Amino acid sequence: MAIKMYEVQPDYMTTPGEILRDTIRSKNLTQKQAAENLGTSVKNLSNIINNQVSITPEMALKFEYVLETPASFWNNLAKNYQEYKLKVHYKWNI
């Protein structure tokens, strides 16, 4: 007899932008300082923080060097967030 496991499906997910914002703050950086260290514009960083732009693999690598958080963390976070958004979309639109 097989044991059936039930998977918990959260109805809310912390966004990559929220985690990025908190990580930048924990390093005692302003968005302007973080953008300069990352070699990007303040506007681009703000767009990522506000989830208007996804985290690219290239930006994840920059986060690894500047924020000392593995690129794989940022890549997985971005992938999981996109997957979550699709699941929510299809749940309500199919």
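Model, not experiment: these values are computed from the prediction.
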Legend entry - Nearest atoms (heavy-atom pairs only) where Leu45 meets Ala34: CD2-CB, 3.8 Å

Legend entry - Where Ala78 and Pro16 come nearest, the two heavy atoms and their spacing: CA-CG, 4.3 Å

Roughly how far, to the nearest 0.5 Å, is the [atom2] atom of [Y] from the [atom1] atom of [X]?
X     : Y     : atom1 : atom2 : answer
Ile19 : Ser26 : CD1   : OG    : 11.5 Å
Asn44 : Leu38 : CG    : CG    : 9.5 Å
Gln31 : Glu36 : CD    : CD    : 12.0 Å
Tyr84 : Thr14 : OH    : OG1   : 9.5 Å

Inset, instruction - Identify, with sequence neighbours excluded, every residue that meets side chain to side chain donor-acceptor pair (under 3.5 Å) alongside Asn76. - result: none

Give every donor-acceptor pair under 3.5 Å between a side-chain atom in residues 48-56 and any protein atom, sequence neighbours left out.
| unit_1 | atom_1 | unit_2 | atom_2 | d |
| --- | --- | --- | --- | --- |
| Asn50 | ND2 | Ser46 | O | 3.0 |
| Asn50 | ND2 | Ser46 | OG | 3.2 |
| Asn51 | OD1 | Gly17 | N | 3.1 |
| Asn51 | ND2 | Thr15 | OG1 | 3.0 |
| Ser54 | OG | Gln82 | NE2 | 3.2 |
| Thr56 | OG1 | Met59 | N | 3.0 |

Legend entry - Pairing residues for Lys27 by the salt bridge (charged side-chain N to carboxylate O under 4.0 Å, His left out) criterion, not counting sequence neighbours: Glu68

Inset, instruction - Sequence neighbours left out, what passes salt bridge (charged side-chain N to carboxylate O under 4.0 Å, His left out) with Glu83? Give chain and number order. - result: Lys87

Legend entry - Partners meeting side chain to side chain contact (heavy atoms under 4.5 Å, CB included) with Asn37 (sequence neighbours left out): Leu29, Val66

Legend entry - Where at least one partner belongs to residues 50-71, residue pairs that pass ring-ring contact (aromatic ring centres under 6.0 Å, His included), sequence neighbours excluded: Phe63-Trp74

